[in-house]
Amino acid sequence: MIIDGKKESELIRQEIKKEIDAIKSSNKKVPGLSVILIGNYPPSEIYVRNKQKSSIEVGINSEIIKYPKDVTENEVLKKIQDLNDNENVSGILVQLPLPEHISKKKIINMINPLKDVDGFNPINVGNLASGYKAIVPCTPLGCLLLIKKIEKNLTGKHAVIVGRSNLNGKPMAQLLLKENCTVTIVHSKTKDLKAECQKADILVAAVGVAKLIKADWIKKQSIVIDVGINKVGDKIVGDVNFDEVKDKVKAITPVPGGVGPMTIACLLKNTLECFKGR
Ligand code: GUN
């Protein structure tokens with residue numbers, strides 16, 4: 001089965017739109033999302049544009065705040081402080097990667113954890129790791145929603161996550177632990193990647209290496225979630241060799257059209273949650 005992330009994300013967006021329409025009709029303020037974009041890295045420009053377009057479609061007030069790549073760190077920090085203090089702003093997102101002279105750590109720490117729609121602030125990271133209420137990073141949250149569409153009860157399943165990033169691998173592991181999975185994180189220094197992947201009932205690939213995962217790495221009837229977005233020539237491919245793997249598994253996400261649309265849907269979901277939380 002090929003998991004239709006576009007369809008799933010559309011269902012979530014419809015729910016969000018309904019809820020925001022109801023908020024609007026009772027004459028309350030609507031959620032607001034401020035996105036900060038620094039420099040002109042083309043993929044970031046595309047992601048940010050898509051985030052804004054989707055926000056507007058569901059009724060979220062969305063603004064993009066653009067800075068040239070040589071903007072000072074202080075100017076961005078000051079802007080984040082202004083957004084923290086602005087009650088019309090429910091969510092703040094600073095698109096990554098940042099130019100080298102700007103500290104990711106300082107920027108992420110400056111965002112009010114209650115407005116941190118990415119869930120990257122250490123307060124949210126810590127709350128998630130502790131099993132408390134937290135804003136959960138959009139991509140792993142989207143992956144979990146897709147996995148749970150296929151399999152409601154994940155208790156005792158062996159989940160293998162390929163990649164250990166703060167954006168994907170680590171929060172994905174926390175979410176699957178909460179679902180009572182046995183979780184293994186593998187990465188570039190793992191001794192036998194293939195052997196570890198072969199144990200996976202659920203495999204989440206988030207390394208950014210085109211078609212790394214082959215058919216003989218995969219357990220039959222497993223669920224495979226591909227977070228990779230890799231440009232090969234003029235095509236976008238995932239971290240999994242989709243054509244090789246698709247007939248062996250219970251379910252797999254395609255690239256594009258799998259996890260990508262879910263990331264945006266979860267951003268809208270997080271923005272609405274931040275709005276309601278206040
Ligand atoms: N760059 C790539 N993915 C993301 C994301 O989910 N959030 C932010 N802020 N930047 C990104």
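Each residue takes its place number in the sequence, starting with 1. Atoms within a ligand are numbered from 1 in the order they appear, just like the ligands themselves. As the structure is a prediction and not an experimental result, all values here were calculated from the model.
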Identified side-chain hydrogen bond (donor to acceptor under 3.5 Å, both in side chains) partner of Glu179 from the options Lys148, Lys157, Lys152: Lys148

The option among Asp118, Val35, Ile264 carrying the non-hydrogen atom nearest to atom 7 (N) of ligand 1 is Asp118

Rounded to the nearest 0.5 Å, what's the gap from CE on Met262 to CD1 on Ile3? Could you check? 9.5 Å

Contact partition for Tyr47 relative to ligand 1, non-hydrogen atoms under 4.0 Å: neither

Check each heavy atom of Leu96 against ligand 1 and say whether those closer than 4.0 Å belong to the side chain, the backbone, both or neither. both

Taking atom types as modelled and ignoring hydrogens, do the side chains of Thr72 and Asn74 form a donor-acceptor contact shorter than 3.5 angstrom? no

Return yes if a side-chain donor-acceptor contact under 3.5 Å exists between Ser90 and Thr271, otherwise no. no

Measure the distance from atom 2 (C) of ligand 1 to every protein heavy atom, then report the residue, atom name and distance (to 0.1 Å) of the closest one. Gln95 NE2, 3.9 Å

Considering only the protein, which heavy-atom contact is closest to atom 4 (C) of ligand 1, and what is its distance? Leu167 CD2, 3.9 Å

In terms of atom number and element, which parts of ligand 1 are under 4.0 angstrom from non-hydrogen atoms of Leu93? 9 (N)

Number the atoms of ligand 1 from 1 as they appear, then name those within less than 4.0 Å of a heavy atom of Val94, with their elements. 8 (C), 9 (N)

Decide, yes or no, whether a salt bridge links Lys18 with Glu15 under the criterion of side-chain N to carboxylate O below 4.0 Å. yes

